[in-house]
*Asks:* 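I have a structure here, written as C-alpha cells, and I will follow up with some questions on it.
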Amino acid sequence: MSDTPIAFQRCIAPQCGATYSIQEVLVACPKCGDLLDVAYDWDRAETPRSLAEFEASWSRRRNPACYSGVWRFHRLLPFCSENQIVTVGEGQTLFQQADAVAQFTGLNSGCLYLQYEGMNPSGSFKDNGMTAAFTHAQMTGAQRAACASTGNTSASLAMYCAVTRLMKAVIFIGSGKISYGKLSQALEYGALTVQIEGDFDDAMLRVREVCRELGIYLVNSINPFRLEGQKSVMFRVLEAMAWQVPDWIVVPGGNLGNSSAFGKAFAELKQLGLIDRIPRLAVINAAGADTLYQLYEQRGMRWNQGQVDMSVADQYGQDLDAQQKKASTIASAIEINRPVNFRKCLRALEVCDGVVRRVSDQEILDAKAQVGAGGIGCEPASAASVAGAKLLRSEGIINADDRVVCILTGHQLKDPTATVAYHTADQDHFDKVLGSRGVKCASYANRAVVVPNDLSEIVKAIRLHS
Ligand code: F0G
C-alpha cells in the first residue's frame, strides 16, 4: 500500500496538471492560475461495485454521515475520513414527478421531474457544497470563512457557522442586490456582513483579495471542495430514479458551480463503471446575465480537451467593461456576468454533450408560477431551469418523451418580492418591480380578490370565484 493519499488537488488544465495536497488551502493553481479539482486515485479508493450499494446506508441513518444526503455518498467524495465530516443533515431533498409542469414545457406526462434543493436546511442547494467546504476548512484549521454572494451562499455559510460554532462567517454582498429572505438569514445567523458598493462580480473580486490578505478560508464555488459536495445532487437524482440515467439535466447557470460539479460527477461515475451513459446537460442563463450563452453558443467556445482559446472570453470581458455592462435580471441569484467556474463548465458541457440557453425574466416568472402552482415553489433563478426546458422542447432539442430533470436550486420563500409582484392586483406595483425588467404580463397570476369588509360582499365574491 502506498502512503500517498488517495485524494489530492489537481489543476484542471491538462497542459499543467500540477497536483497539490488536500491540506493546502487553494482556490487557483499556484503554477498557472487555473481552477483546481479534487482528484482521487480511484484504484486505491474503496468504491462501490454498484450504486445500489448506497441504499444500505439509510438503515444506518442514526449515524449523521449516513443520514446526510451528501455524506451517504462519501465513497464518491473520499477526501476526508468519516470522523472529520461536518454535517448539519443537509441533502434531504425531494425528487418529484411534475406532470402539470411537464405539460407546460411540452413534455409528455411522466417525463418531467423536479429535483427540489430548496428543502436544504438553509433553503438552497448551497448546503450540499458548504458541508464539504466546511469539512475541508476544519481539516486545515481555518478560524474564519468568507464568501461573496448573491444571497444563498452567504445564508448557507452563516448557517453552518451558527450551527456548528466552528468558524466565524464573513460575507460580501453587493448593494441592493440581495433578496430580503437571504439577507435576513445571514443577519440572524450572525455573519459579519460586508456590503460593498457594486454587484456580485465586484464583490467576488474583492473577497478573493481579502481572503488572500487576511488568510480567510474562501467558500465560494471556486473552492474545489464545494463542488465535491454538489456532486451529490446528481447521486440523489440517480437514486430517486432507481439508478436509471435520465436523458437531460437542466440547471440554472450563475457562477457555474452546479453545472461543473454535475459534469464531474458523471465523468467519475462513468469512469468507475457505475453508470453506462451520461445524460445531456442544459445550462440556462438569464438573458440579462448570459456570458456562458454568449461564449458557448454565440462564439463557439469549447473545452476541446483543455485546449481552449481564452482570448475570446478575455475580449468578451473587456467589451463588458468598455460598455460598463452589468448583469441585470429579476433572478438575482444568477445575476452574474463573470462566472468563476467558466472553464470547468466548458469541460462539463463537453462531458455531457451540453447546450446553453438564455431565458427572459418574463419566461422565468411564468415558469416559476407554474412550478409554484404544483405546490413546491422555487425562487426565480431556479425556475430558469423549467423555462429552459420549455425552450429546448420548443426547439425540438429535447424530445417530448425524453426524461428531463430540472434542478430547483432555491426555496420559494427566498425571494417573495418577485412572487408577490407577479401575482399582485396592483398594476403600479407590478410595473415598479417587474415592468422595469421587461415583464409585460402575468399569465399565470393568482390575484387576490379585493372586497369591502362586508359579509354579503365577501360571500358573493367567494361564490363567484370558487
Ligand atoms: N440558483 C440559485 C438559487 C443560486 O443561489 C445560485 C447561485 C444559482 C442558481 C447558480 O448556481 O453558481 O452553481 O451556477 N448563487 C450564488 C450565491 C452565486 O452567491 O448564492 P451556480
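As the structure lists them, so they are numbered: ligands from 1, and atoms in each ligand from 1. Keep in mind it's a predicted model, so treat the numbers as computed, not measured.
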*Asks:* Given the ring of Tyr296, does Arg302 sit roughly above its face, with NZ or CZ under 6.0 Å from the centre of the six-membered ring and within 45° of the axis?
*Replies:*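 Output yes; distance and angle both within limits.
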*Asks:* If hydrogens are left out, which of Ala383, Ala333, Gly257, Ala384 has an atom nearest to atom 4 (C) of ligand 1, that is, the closest non-hydrogen atom?
*Replies:*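 Closest candidate by heavy-atom distance is Ala333.
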*Asks:* Given 3.5 Å as the limit, does a donor-acceptor pair link the side chain of Glu335 with the main chain of Ala289, or not?
*Replies:*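 No; zero donor-acceptor contacts below 3.5 Å.
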*Asks:* Can you tell me if Gln103 has over 12 outside heavy atoms packed within less than 6.0 Å of its CD?
*Replies:*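 No.
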*Asks:* Give the contacting part of Ile334 toward ligand 1: side chain, backbone, both or neither, where contact means a heavy-atom distance below 4.0 Å.
*Replies:*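 Within the 4.0 Å criterion, Ile334 contacts ligand 1 through side-chain atoms alone.
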*Asks:* For Lys264, enumerate each residue passing the salt bridge (Lys or Arg N to Asp or Glu O under 4.0 Å) test, keeping only those at least two apart in sequence or located in another chain.
*Replies:*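 With sequence neighbours excluded, Lys264 shows a salt bridge (Lys or Arg N to Asp or Glu O under 4.0 Å) to Glu228, Glu268, given in chain and number order.
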*Asks:* Side-chain donor-acceptor pair under 3.5 Å between Arg226 and Asn341, yes or no?
*Replies:*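 Not at all, the side chains of Arg226 and Asn341 share no donor-acceptor pair under 3.5 Å.
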*Asks:* Among all protein heavy atoms in this structure, tell me which lies nearest to atom 18 (C) of ligand 1, with the distance rounded to 0.1 Å.
*Replies:*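 I find the closest protein heavy atom is Thr150 OG1, 3.5 Å.
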*Asks:* Between Val251, Leu408, Asn255, which one has a non-hydrogen atom sitting closest to atom 12 (O) of ligand 1?
*Replies:*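 Result: the heavy atom closest to atom 12 (O) of ligand 1 is in Asn255.
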*Asks:* Around atom 16 (C) of ligand 1, find the nearest protein heavy atom and jot down its residue, atom name and distance.
*Replies:*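 Ranking protein heavy atoms by distance from atom 16 (C) of ligand 1, first comes Lys126 NZ, 2.8 Å.
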*Asks:* Are Asp361 and Lys368 within salt-bridge range, i.e. N to O under 4.0 Å?
*Replies:*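 Answer for the salt bridge query: no.
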*Asks:* Strictly below 4.0 Å, N to O, side chains only: are Asp202 and Lys326 in salt-bridge contact?
*Replies:*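 Result for this pair is yes, salt bridge flagged.
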*Asks:* Would you mind telling me if ligand 1 is within reach of the side chain of Glu379, the backbone, both or neither, using heavy atoms under 4.0 Å?
*Replies:*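 Side chain only.
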*Asks:* Assess the side chains of Glu117 and Thr93: does a donor N or O sit below 3.5 Å from an acceptor N or O?
*Replies:*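 Per modelled atom types, Glu117 and Thr93 side chains form a pair under 3.5 Å.
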*Asks:* Main chain of Val340, side chain of Asn255: is a donor-acceptor contact present, judged purely on distance under 3.5 Å?
*Replies:*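 The answer is yes, because a donor-acceptor pair under 3.5 Å joins these two groups.
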*Asks:* With the threshold set at under 4.0 angstrom, would you say Ser124 reaches ligand 1 through any of its heavy atoms?
*Replies:*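 No, Ser124 has no heavy atom closer than 4.0 Å to ligand 1.
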*Asks:* Give the atom numbers and elements of ligand 1 that come within less than 4.0 Å of a heavy atom of Ser149.
*Replies:*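 Atoms satisfying the 4.0 Å criterion: 17 (C), 19 (O), 20 (O).
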*Asks:* Is the shortest N/O to N/O distance between Leu256 and ligand 1 below 3.5 Å?
*Replies:*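 Min N/O separation from ligand 1 is below 3.5 Å for Leu256.
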*Asks:* Within a distance under 4.0 Å of any heavy atom of Gly254, pick out the atoms of ligand 1 and give their elements.
*Replies:*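 Heavy-atom distances to Gly254 below 4.0 Å select 10 (C), 12 (O), 14 (O), 21 (P).
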*Asks:* Under a 4.0 angstrom heavy-atom cut-off, which atoms of ligand 1 come close to Asn258?
*Replies:*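 So the answer, numbered in order with elements, is 13 (O).
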*Asks:* Using non-hydrogen atoms of the residue, decide whether Asn220 is closer than 4.0 angstrom to ligand 1.
*Replies:*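 Outside the 4.0 Å threshold, so no.
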*Asks:* Which atoms of ligand 1 are found less than 4.0 Å from any heavy atom of Asn152?
*Replies:*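 Ligand 1 atoms under the 4.0 Å threshold to Asn152: 2 (C), 3 (C), 4 (C), 5 (O), 20 (O).
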*Asks:* Would you please name every residue forming a salt bridge (Lys or Arg N to Asp or Glu O under 4.0 Å) with Arg10, sequence neighbours left out?
*Replies:*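 If we apply the salt bridge (Lys or Arg N to Asp or Glu O under 4.0 Å) test to Arg10, skipping adjacent residues, there are no hits.
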*Asks:* Under 4.0 Å from a heavy atom of Ile336: give me the atoms of ligand 1 that qualify, with their elements.
*Replies:*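 Counting from 1, the qualifying ligand atoms are 18 (C).
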*Asks:* Among all protein heavy atoms, pick out the one at the shortest distance from atom 6 (C) of ligand 1; state its residue, atom name and that distance to 0.1 Å.
*Replies:*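 Result: Phe125 CE2, 3.7 Å.
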*Asks:* Quick one: are the ring centres of Phe235 and Phe54 less than 6.0 Å apart?
*Replies:*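 Distance test on ring centres: not under 6.0 Å, no.
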*Asks:* Counting non-hydrogen protein atoms only, what is the nearest one to atom 2 (C) of ligand 1? Give residue, atom name and distance.
*Replies:*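 Answer for atom 2 (C) of ligand 1: Thr409 OG1, 3.3 Å.
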*Asks:* Distance under 4.0 Å to a non-hydrogen atom of Thr153: what atoms of ligand 1 satisfy this?
*Replies:*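 Within the 4.0 Å cut-off of Thr153, ligand 1 contributes 16 (C), 17 (C), 19 (O), 20 (O).
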*Asks:* Run the numbers for me: atoms of ligand 1, each under 4.0 Å from some heavy atom of Gly253, listed by number.
*Replies:*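 That gives atoms 14 (O) of ligand 1.
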*Asks:* Look at Glu239 together with Arg72 and state whether they make a salt bridge at an N to O cut-off of under 4.0 Å.
*Replies:*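 Yes, Glu239 and Arg72 are salt-bridged.
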*Asks:* Would one find an N or O of Ser259, backbone or side chain, under 3.5 Å from an N or O of ligand 1?
*Replies:*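 It does not: no N or O of Ser259 is found under 3.5 Å from an N or O of ligand 1.
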